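A quick note: this is a predicted structure, and the numbers were derived from the prediction, not measured.
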Amino acid sequence: MATNGLHNGLAEANAVLQQDQGRVAVHSFDPSATPAEKSAAAGKGRDQLKSANYQEGAGEREVQIDAGGPNIIPTISIQDTDGEHKLVASDTPQSVQEVQQDSQAIPGALSDTVAPAIPDWYKVGWRQAAGIDNAPLAEGEEKDKGVLDLFLSEQFYGSWYHNAAIIIFAVFASHFLTRFNFGWGWLFIILAVCNTYYSTSLERVRRRARDDIQRELVKTRLASEHESADWINNFLDRFWLIYEPVLSATVVSSVDQILSTNTPPFLDSLRLSQFTLGTKAPRIDKVRTFPKTPDDIIMMDWGISFTPNDISDLTPRQAADKVNPKIVLSVRVGKGLATALMPILIEDISFSGLMRIRMKLMSSFPHVQIVDFCFLEKPVIDYVLKPVGGETFGFDIGNIPGLSAFIREMTHATLGPMMYDPNVFTLNLEQMLSGKPSDTAIGVLQVTVQSARGIKGTKIGGGTPDPYVSLTINDRVELARTKYKTNTFNPTWMETKFLLVNALNESLVLNLWDYNDHRKNTLMSSSTFELSKLAEDATQEGIVAPLLKDGKERGELRYDISFYPVLETEEDKDAGDSSVGIVRLTIHQAKELDHTKSMTGDLNPIAWVLLGGSAKPVHKTRCIKHTNSPIWESAYEFLCPDKGASIVGVRVIDDRDFMKDTSIGHMSIKLTDLLASRGEAGRDWFPLSGCKSGKLKVSAEWKPLNMAGSLHGSEQYQPPIGVIRLLLDKATDVKNVEATLGGKSDPYMRVQVNNVTKGRTEVVNNNLNPVWDQIVYVPVHSLKENLMLECMDYQNLTRDRSLGSVELHVSELAKESGETRYLYESTGIKKATDPFRLDKGNVYKGQLHYTAEFVPALALKGVKFESQPNEIQKASEKASRDEDGGDAGDSSSMYSSSDEEHGPIPITIKTLPPRDGSPPKNNPTNESVDSVHTSSTNDTAHTAETSTGNTKDADGVEMSIEELLAQQSGIIVFNVISGALAKKARLEVLLDDGYWPCFTTVKARSTEARWEYVGEGFIKEIDFSRVWLRLNEADEGDKDDIIAEWKGDAKPFLQSTLVGPHTVTLYDQDERYASTITLEARYVPVPVKLEPRETINNQGILRIDLLDGHEIHGIDRGGKSDPYAVFTLNGQKVFKSQTKKKTLNPEWNENFTISVPSRVNAELSVEIFDWNQIEQAKSLGTASIDIEDIEPFQATERLLNLVSTKHGEKGQIRVRLMFQPEIIAKSRKNTSTFSTAGRAMTQIGGLPVTAGKGVLHGVAGVFRKSDREQETTSEMPTSSGQASQPVGLSDNLEARGAAFPTSKNSMDSAPNEPGTLRVTVLDAKDLSSHDCKPYATIRIGDKEFKTKHVGKTATPEWNESFVFAAGALTPKLFAWIHDHKTLGKDKELGAGEVDIWRHIQPEGMSSADVFLELRQGGLLRIRLEFDATTNPSNASINSGSGERMSRTVSIASPSRFSIGRRRPATEQDD
């Protein structure tokens, strides 16, 4: 009977399509065909079409925790064969390689076999219905005709016969009813049917006539606000014929899945058999624009219509070939074997309405961020629905009285709240095109419900309540609930729940319910928490919130909330070595399922997801009926506390309605193996076990959480086996990414391990053949590690760009030694020249010259840190021990006890390690047994694993702390545990020169931070090395925003942290807000032999005393000269002395200090010039100074002979040199990362430098070893716009963010009595105008002086000095720079002010070089020299330019003269 019903249904479906058979060959879909087969009807070249993703259970919910399984064996494993890793599957005759190779073919790839013929069903839309692709008929043959075409000629066949038929029907029906004595009621029914038909038909005629009239009126209409859109309609008429098949294929692939999964219970299946929108395109009748909107908003009104039955504007040929819209649904009625197919026909679809569209624009692609649209009035919708009878004998149910109006009102009622004005339907194109699912979680919410006190409320009928707490978001669906506590008004739960959240702009609602056994639970009260508070502080503890109902307080609830956000990673980088995170598991589809599992060979597959060896599924996909190749595309997210121990299982079930469900097949795999297969074509297909055939496509996405110990925790850390010593010499012919702008790349090298930058060179500006000649030390932990040597182009404003990379394998430099003290040894020095490989494709450009060597580390015992269970594991363990209270039941649970009948799934896919015990290349996260100490479950899960790190740790070398600290070079391993911060920030750890952090933690979620982050760095000399801890509020990659820091010597730091956790206090720039960091450390000695240029003696501070000169060449008319000296270091001018007039034996007695980054490579020279007032200064001779052999801390006098190419060897100068070894901290700047030499200017002999001892000297950052007892003196940046440093240190200080020494209360400690302040205007740069004659004006109090103007330049040098009286009444110095105009008013180029007492000391003698950022642009450098022991007098003093000036008192005066002389720009300065 079922077979007959099936044949009858198919025959009826074929009869539906007989109308077009006289003209075209019509194809019908197989109703049992899969959506993939139907979506293939897009035709050639449309392989990129994808089926719509149907996400189930979107939104927030309680997250499932995968705790791992104790004794689960995977069904799929990775076996090592001859050094290669191969997937193998158990309990199945299928091969994993064959399954994956069959799925690796990408769309458009050439097939290895003969391509099969294109099937007939590979067409869809109007092309299918019109038969345009069919072969022409043979001569004498005719097209198939419909039933009416066979008996009626063309003049008698048309729409007119419908009206005649209704008249005949009314006559015969009324005659029949009268003849058999039916009552008047039956006649009224006949009249109602005829009236409904006539009304419907007349409405359609009028609508079509109205469209025709409106189309004609548009051509000759009067002016209105609406515009025509004939141009786009003309385009749509042609484009529609191309696009309609693609659109039809997209609709079929998406709608057919939705219909099959949303079939009503009384139907067996609901599938799409035929779909076409016809050959006539939709029209835009009118358009109205709104110009008065914001710049980023576009708003328009569109009058749209889709009337495919109207042929008035078509040519006769177009009308003859026209295809009308037609949809055929195949409904299968019945259950099991007793089913019948019934087709439903929908045709003559028409639609018209007035739509308002609003678009919000943005700068990035696709440049339209949000699209809002709504209908300003109810649209007109019409159709013909024939549920039975097909086209010929079908009956339009719209003729049933009242049914058509009912359907229309139901449609408007459904669409009204969605898109009828004022409601709008929003499409977020930015989110849709980002590729991120809309329901993806942004983090995990940890809610610990502690207790409730003073509950008010009783049970119905009396009694004490049994309270429990239910958690919801915005009071929607219940996400989790606690156990209920019996008979208490003061319950205590102490339960922790984890919830996945998608946004923090909603509210968490905690509802207090009374549990009832035999009736519905009663809501007692509620409490609300705004999740937006977690954005400021992610940890909210000790919350005591009132319980409210109807605005009245009904007790209080105590709970804690913590938010663990997902760590964002770049697209081309992995998530790093993290152990805790959210897993987004997607069950895509299955193919070739074992049909022998069903009696009919027709399966109804559904997939279960099982975690941790449990037999109870945590997720079920929807059921796809009557197919052996289902497509689910079902995603599920769960929380994984230990990635290495997690096992994912999937079981495919045949859903049988009245009989017991049968397992079709199953698979299980370790999460690490599943993640390793992501992103490669074909590797996400796995064979099913327990069946003859079948394969499953599964993928997983790992999203690490910002949780203590999750990223680089102590469990994941492996002790280092040594360091790689990299000498990055130079690069040649690197890629030029700035050629279009006429410039060159600014290259630098960075060394990365596992996408983490371990070292970096300096930037060489504007050079395609850079020379770095720098040495970088990189710790390594395994022979399997690879170093990425990447050349980058520095960008000041945007992200740096890659110029290519070279990969260096550790296995090329090291091997196992077989010794117990050093487990590994070097294979030798590798000196190579390798090409740079560009990111895209197998393209090479440029070469890197480098030298690499492996230096083994001591196999030390006890390098690891004790690990603690993370928050998730603690909560899971507590929940398993907590047996108090009753289970309130989960109303949202969709699983029953019968789900566990199939039992847990053994692992069918697993990883077997190679024979040498090293981890597979595609699974870098395998962990050793020793590194897991969280629970016995995790230990058991790892019993089959082999160690990936140092397996001889238990037999390592034991050394005392004193013995360890006697080793000069080694690796410091930091374990940053926690911190109490003034602001949320990330901790950066820097060593020695402080150029690049050796590691940085993630940004803290709360001011009470807990990191448990393990990092490491290499130090070369423990006696001189420094440790620098700083809190950076900026995100990684952004401009630094340091809020606190601490510096200390490496040796004392290790002495305090090797014994256990130690707390360090970090202070901000004003020492007002303190932050504490708790950390511990380990020290692994590495015996590195340093080159002379790497030692601490090679860098430091050089003091040069310029004493005098003898027999200098005289070139003036009188045989004399006006000599001054210029010192140059590495090609950069660092010091210029005073000019001595009319002498051949000058006596300078000046001194200055410069920072020397490398004595070995230093090129220091002095050149004597003859000063001329009019013409350019002339050289009198040059002398080189060799500082490589200077003994540190000892003054050495040298007599230098002056040599000139013009005058030969003539004259001598005498200098005194003293070198002090110190670490020079490098600084990353906007255009160059480090200046190779400091710069100093004139130092007056009578005012020695006393400021700056024991602190970081400006941006050059000199750590003075001899003054370490003064570490309490802090460096404090000034407000934006001014900074200072000790005199003569450098002239390359950036004003913003730079550091300078100052006292704690400099403004309050200004001297009461005036002292002598000498202001030397040195130079300026980066002025706003490049063609100017600048001069400077300085004012303190009511005294003002001007320098001379210089020639046209943007970098003037004045070197003019002025003397003021300075005290408490003169806190500020005002400076202006003007462009000198011979005719007209001078133009102001810049202005600024200096807080005097923030840069110099108020007692004794003090000096500083101040860098002042001018408001209009530019940087002014002045020198302040203060002597509190002398008072201003009228004595004269020589200025720097040789002129005489008078010393005047400059105390501010309240007289009207001083006020009148104030410049307008400074009226508000005080």
Side-chain angles (χ1 to χ4, degrees), residues 36 66 69 72-81 84-106 583-594 597 603 605-613 617-621 624 628-636 638 640 643 646-654 663-702 902 904-912 920 922-923 925:
D66 178 19
I72 302 178
I73 302 176
T75 62
I76 300 180
S77 60
I78 299 180
Q79 187 175 8
D80 179 56
T81 305
E84 296 182 358
H85 301 88
K86 183 174 69 175
L87 283 170
V88 295
S90 60
D91 194 21
T92 178
Q94 305 177 89
S95 171
V96 180
Q97 282 69 34
E98 294 178 358
V99 169
Q100 294 184 347
Q101 288 174 2
D102 293 341
S103 305
Q104 285 181 353
I106 60 176
V583 179
R584 184 177 180 87
L585 184 71
T586 304
I587 310 296
H588 297 282
Q589 65 183 95
K591 288 184 178 180
E592 304 170 7
L593 296 179
D594 190 0
K597 299 282 185 175
L603 300 173
I606 182 173
W608 293 358
V609 177
L610 301 97
L611 299 177
V618 297
H619 174 66
K620 289 183 180 180
T621 66
I624 309 295
N628 295 340
S629 298
I631 299 177
W632 292 294
E633 295 294 340
S634 178
Y636 176 72
F638 63 91
C640 179
K643 181 168 62 174
S646 179
I647 298 171
V648 178
V650 180
R651 185 184 295 275
V652 181
I653 301 295
D654 182 20
S663 175
I664 302 175
H666 62 269
M667 65 150 286
S668 59
I669 185 174
K670 292 187 63 178
L671 177 61
T672 52
D673 298 336
L674 184 59
L675 292 171
S677 64
R678 181 174 181 262
E680 297 186 24
R683 289 197 60 197
D684 50 1
W685 284 93
F686 303 98
L688 293 175
S689 299
C691 56
K692 296 181 181 179
S693 65
K695 55 184 179 181
L696 186 68
K697 185 178 182 181
V698 183
S699 65
E701 178 186 358
W702 177 258
H902 298 283
I905 301 178
I907 297 184
T908 63
I909 307 175
K910 64 180 179 180
T911 304
L912 295 181
N922 62 352
N923 187 12
T925 56

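- Counting heavy atoms from C-beta on, the side chains of L610 and V650 never come closer than 4.5 Å.
- The side-chain heavy atoms of I653 and I664, taken from C-beta on, include no pair separated by under 4.5 Å.
- For the pair W632/L696, a side-chain contact is recorded, criterion being any heavy-atom separation below 4.5 Å from C-beta on.
- Atom NZ of K597 and atom OG of S663 lie 6.5 Å apart (nearest 0.5 Å).
- Considering CH2 of W702 and CG of L675, their distance stands at 7.5 Å, rounded to 0.5 Å.
- Remark: side-chain polar atoms of S693 are paired, donor with acceptor, to backbone N or O of E592 under 3.5 angstrom.
- The distance from atom NZ of K695 to atom CG of D684, rounded to the nearest 0.5 Å, is 11.0 Å.
- Closest heavy-atom contact between C691 and G665: SG-CA, 4.2 Å.
- The minimum heavy-atom distance linking F686 with V698 is given by the pair CE1-O, 3.9 Å.
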Give the intermediate values and the outcome of side chain to side chain contact (heavy atoms under 4.5 Å, CB included) for residues I631 and I624.
CA-CA 8 Å; I631 299 177; I624 309 295; over 6 Å; no

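- L674 CG to E701 CD: the interatomic distance, rounded to the nearest 0.5 Å, is 12.0 Å.
- L671 is not listed as a side-chain neighbour of I647, based on a closest heavy-atom distance of 4.5 Å or more.
- Considering OG of S629 and NZ of K591, their distance stands at 7.0 Å, rounded to 0.5 Å.
- In this structure, the side chain to side chain contact (heavy atoms under 4.5 Å, CB included) partners of S699, at least two apart in sequence or on a different chain, are T586, H588.
- Expressed to the nearest 0.5 Å, how far NE2 of H619 lies from CD1 of I587 amounts to 7.0 Å.
- Residues M667 and S689 form no side-chain contact, since every pair of their non-hydrogen atoms from C-beta on lies 4.5 Å or further apart.
- Annotation: side chain of P630 is in contact with side chain of L593 (closest heavy-atom distance under 4.5 Å).
- Checked by atom type and distance alone, the side chain of T621 pairs as donor or acceptor with a backbone atom of A607 at under 3.5 Å.
- Residues that satisfy the salt bridge (charged side-chain N to carboxylate O under 4.0 Å, His left out) test with D594, not counting sequence neighbours, are absent from this structure.
- Using a 4.5 Å heavy-atom threshold, the side chains of F638 and L611 count as touching.
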